**Q** 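I'd like to ask some things about the structure below.
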Amino acid sequence: MNSSSAALPSRWERFCDSYLFYSFKRDIVAQLSLAVFIALVAIAVLAPWLSPMNPYDLAQIDILASELPPFWVEGSDPQYLLGTDAQGRDMLSTILYGARVSLIIGFGAVALQAMLGVCFGLLAGYLGGRIDAFLMRLADIQLSFSTLMVAIIVGALVKAIFGGATFSTYAVPLLVLIIGLAEWPQYARTVRASVLAEKNKEYVDAARVMGLRSKRIMFRHVLPNTLSPIFVISTVQIANAIISEAALSFLGLGMPETHPSLGSLIKAGFDYIQSGSWWITLIPGAVLVVLVLSINLLGDWLRDVMNPRLYKG
């Protein structure tokens with residue numbers, strides 16, 4: 001008994017023998033995308049220790065050193081590798097902190113989307129009937145409101161009730177709430193379609209015969225068999241959430257300039273492009289493009305690997 005148990009492969013060994021790992025080893029684009037994404041996440045998490053300055057500390061900001069170019073441009077200061085913005089903040093430090101804020105909003109919004117969408121999709125697909133009709137019509141109504149429209153409505157309400165200072169203070173959780181509420185139908189529709197295909201299979205009938213509750217059947221038996229499309233959607237939605245945050249910040253509906261994100265940094269330097277201070281906008285924009293591109297490439301690879309129609313011999 002013990003010898004047979006010891007002969008069973010471990011989870012790591014099963015993972016190394018899986019098609020997922022086999023495909024990853026043969027795809028150089030997926031490897032580079034994952035490496036870039038992990039590197040960006042790591043430097044964002046370690047921003048307080050890696051950044052030369054704290055962009056939130058007014059004592060470290062020198063307004064006389066504003067609009068200094070990067071180190072490869074004539075007239076630069078070696079103290080500021082990527083130059084400074086119009087407020088005299090070190091661009092490298094603001095980008096590191098800004099990337100962390102953008103990633104927090106991206107992951108937080110996707111977590112909220114997934115929580116709402118998975119629960120609604122499971123209920124709609126498994127229970128059906130009036131609950132299915134109500135939740136899907138609710139999703140249709142939600143899809144008629146764009147993320148920008150939801151941001152305008154919520155932002156206007158918060159500013160009218162609590163004031164602009166409160167909105168700036170709680171900008172991160174508010175953006176997570178706005179983007180999460182605007183995009184949950186993507187999960188709900190996908191999960192519902194998967195549940196409709198799973199709920200009439202033999203293992204679900206066996207669970208019903210055993211007397212298991214519907215809640216346990218949905219979350220313990222049906223949900224694990226719908227995780228593949230959820231993982232694929234999540235990679236795409238993280239990129240979309242980061243782009244949405246950047247767009248809202250660029251329009252003045254997102255993060256304030258005093259608490260930089262990649263979007264607010266691009267907006268802060270947009271007015272200075274024609275004056276020659278191109279780095280204030282272009283460098284954060286390049287970081288945003290690289291971050292979103294790496295996530296999208298990973299999502300494309302994951303979608304192909306988890307596509308059941310592709311041969312996996």
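As the structure is a prediction and not an experimental result, all values here were calculated from the model. Worth knowing before you read on, the calculation uses all heavy atoms, side chains too, and leaves out hydrogens, waters and symmetry mates.
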**Q** Could you state whether Leu282 and Val73 fall into the same hydrophobic cluster, counting links through intermediate Ile, Leu, Val, Met, Phe, Trp or Tyr residues with side-chain heavy atoms under 4.5 angstrom apart?
**A** yes
**Q** Within the 3.5 Å criterion, strictly below it, is a donor on Glu198 or Tyr203 matched to an acceptor on the partner's side chain?
**A** yes
**Q** Check whether the side chains of Ser234 and Tyr187 place a donor and an acceptor atom closer than 3.5 Å, and report yes or no.
**A** yes
**Q** Under a 4.5 Å cut-off applied to non-hydrogen side-chain atoms, are Leu288 and Ser102 in contact?
**A** no
**Q** Measure across Ala30 and Leu298 and return the closest heavy-atom pair with its distance rounded to 0.1 Å.
**A** O-CD2, 3.7 Å
**Q** For the CE atom of Met255 and the CG atom of Leu248, what is their distance to the nearest 0.5 Å?
**A** 12.0 Å
**Q** Is Leu291 reachable from Ile266 through a run of hydrophobic residues whose side-chain heavy atoms are each under 4.5 Å from the next?
**A** yes
**Q** Measure the spacing between CG of Leu212 and CZ of Arg220 and express it to the nearest 0.5 Å.
**A** 9.5 Å
**Q** Would you mind reporting whether Val101 and Val172 have side-chain heavy atoms less than 4.5 Å apart?
**A** yes
**Q** Are Leu122 and Leu116 co-members of a hydrophobic cluster defined by side-chain heavy atoms under 4.5 Å apart?
**A** yes
**Q** Would Gln113 and Gln237 count as a side-chain hydrogen bond (donor to acceptor under 3.5 Å, both in side chains) if you check the C-alpha gap in whole Å, the side-chain angles of each, and the deciding distance to 0.1 Å?
**A** CA-CA 9 Å; Gln113 295 171 23; Gln237 288 300 103; 2.9 Å; yes
**Q** Out of Ile230, Leu227, Thr226, which residue meets the side-chain contact (heavy atoms from CB on, under 4.5 Å) rule with Ser194?
**A** Thr226
**Q** Assess the residue pair Arg192 and Asp132 against the criterion (side-chain contact (heavy atoms from CB on, under 4.5 Å)); give the C-alpha distance rounded to whole Å, side-chain angles, the decisive distance to 0.1 Å, and a yes or no.
**A** CA-CA 9 Å; Arg192 174 182 177 271; Asp132 181 20; 2.7 Å; yes
**Q** Only one of Leu223, Leu123, Val195 forms a side-chain contact (heavy atoms from CB on, under 4.5 Å) with Met218, so which one is it?
**A** Leu123
**Q** Do any N or O atoms from the side chain of Ser93 and from the backbone of Arg89 form a donor-acceptor pair under 3.5 angstrom?
**A** no
**Q** State the CG-CG distance between Leu103 and Leu40, to the nearest 0.5 angstrom.
**A** 7.5 Å
**Q** Give the cluster check for Tyr80 versus Leu50: same hydrophobic cluster or not, with ILVMFWY residues linked at side-chain heavy-atom distances below 4.5 Å.
**A** no
**Q** Would you name the heavy atoms of Ser294 and Val36 that are closest together and state the gap between them?
**A** CB-CG1, 4.2 Å
**Q** Provide the closest heavy-atom pair for Val176 versus Leu112 in the form atom of the first, atom of the second, distance.
**A** O-CD2, 3.7 Å
**Q** Applying side-chain contact (heavy atoms from CB on, under 4.5 Å) between Met91 and each of Pro55, Pro70, Pro69, Pro284, report the one that passes.
**A** Pro284
**Q** I would like to know whether Val204 and Asn200 meet side-chain contact (heavy atoms from CB on, under 4.5 Å); could you show each step before the answer?
**A** CA-CA 7 Å; Val204 178; Asn200 294 322; over 6 Å; no
**Q** Give the C-alpha distance, both sets of side-chain angles, the deciding distance and a yes or no for side-chain contact (heavy atoms from CB on, under 4.5 Å) between His221 and Lys201.
**A** CA-CA 11 Å; His221 299 278; Lys201 292 185 177 180; over 6 Å; no
**Q** Has Arg213 got more than 12 heavy atoms of other residues, nucleotides or ligands less than 6.0 Å from its CZ?
**A** no
**Q** Looking at side-chain heavy atoms only, is the closest gap between Glu245 and Ser261 below 4.5 Å?
**A** yes
**Q** Please name the residue in the list Ile95, Leu68, Asp90, Ile280 that meets the side-chain contact (heavy atoms from CB on, under 4.5 Å) test with Leu82.
**A** Ile95
**Q** Can you spot which of Met115, Arg189, Gln142 makes a side-chain contact (heavy atoms from CB on, under 4.5 Å) with Trp184?
**A** Gln142
**Q** Does the side chain of Met149 come within less than 4.5 Å of Ser144's, by heavy atoms?
**A** no
**Q** Please tell me if the side chains of Tyr97 and Ser51 come closer than 4.5 Å, counting only heavy atoms from C-beta onward.
**A** yes
**Q** For Leu81, is there any backbone N or O sitting under 3.5 Å from a side-chain donor or acceptor partner on Trp72?
**A** no
**Q** How long is the span from the CD1 atom in Ile43 to the CD1 atom in Ile38, to the nearest 0.5 Å?
**A** 12.5 Å
**Q** Does Leu293 form a side-chain contact (heavy atoms from CB on, under 4.5 Å) with Phe37? I'd like the steps, not just the answer.
**A** CA-CA 9 Å; Leu293 181 61; Phe37 177 67; over 6 Å; no
**Q** Is it true that Thr84 and Glu67 share a donor-acceptor pair across their side chains at a distance under 3.5 Å?
**A** no
**Q** Backbone N or O of Gly125 within a donor-acceptor pair of the Lys199 side chain at under 3.5 Å?
**A** yes
**Q** So which heavy atom on Ala188 is nearest to which on Phe120, and how close?
**A** CB-CB, 4.4 Å
**Q** Could you grab the distance from atom CD1 of Ile217 to atom CE of Met210, nearest 0.5 Å is fine?
**A** 9.5 Å
**Q** Which pair of non-hydrogen atoms, one from Ala241 and one from Val110, has the smallest distance, and what is that distance?
**A** CB-CG2, 4.4 Å
**Q** Measure the spacing between CD1 of Ile242 and CZ of Phe107 and express it to the nearest 0.5 Å.
**A** 7.0 Å
**Q** Please determine which of Asp140, Leu143, Ile141, Thr190 meets the side-chain contact (heavy atoms from CB on, under 4.5 Å) test together with Pro185.
**A** Leu143
**Q** Would you confirm whether Ser249, through its side chain, and Ala246, through its main-chain N or O, come within 3.5 Å as a donor-acceptor pair?
**A** no
**Q** Does Gln31 reach the side chain of Asp27, with side-chain heavy atoms less than 4.5 Å apart?
**A** no
**Q** Could you check if a side-chain atom of Ser33 sits within less than 4.5 angstrom of a side-chain atom of Trp301, using non-hydrogen atoms only?
**A** no
**Q** Test of understanding: clusters of I, L, V, M, F, W, Y form through side-chain heavy atoms closer than 4.5 Å, transitively. Do Val289 and Ile243 belong to the same one?
**A** no
**Q** Any side-chain heavy-atom pair from Asn296 and Val292 closer than 4.5 angstrom?
**A** yes
**Q** If you look at every heavy atom in Ile238 and Ile295, which pair is closest and at what distance?
**A** CG2-CD1, 3.8 Å
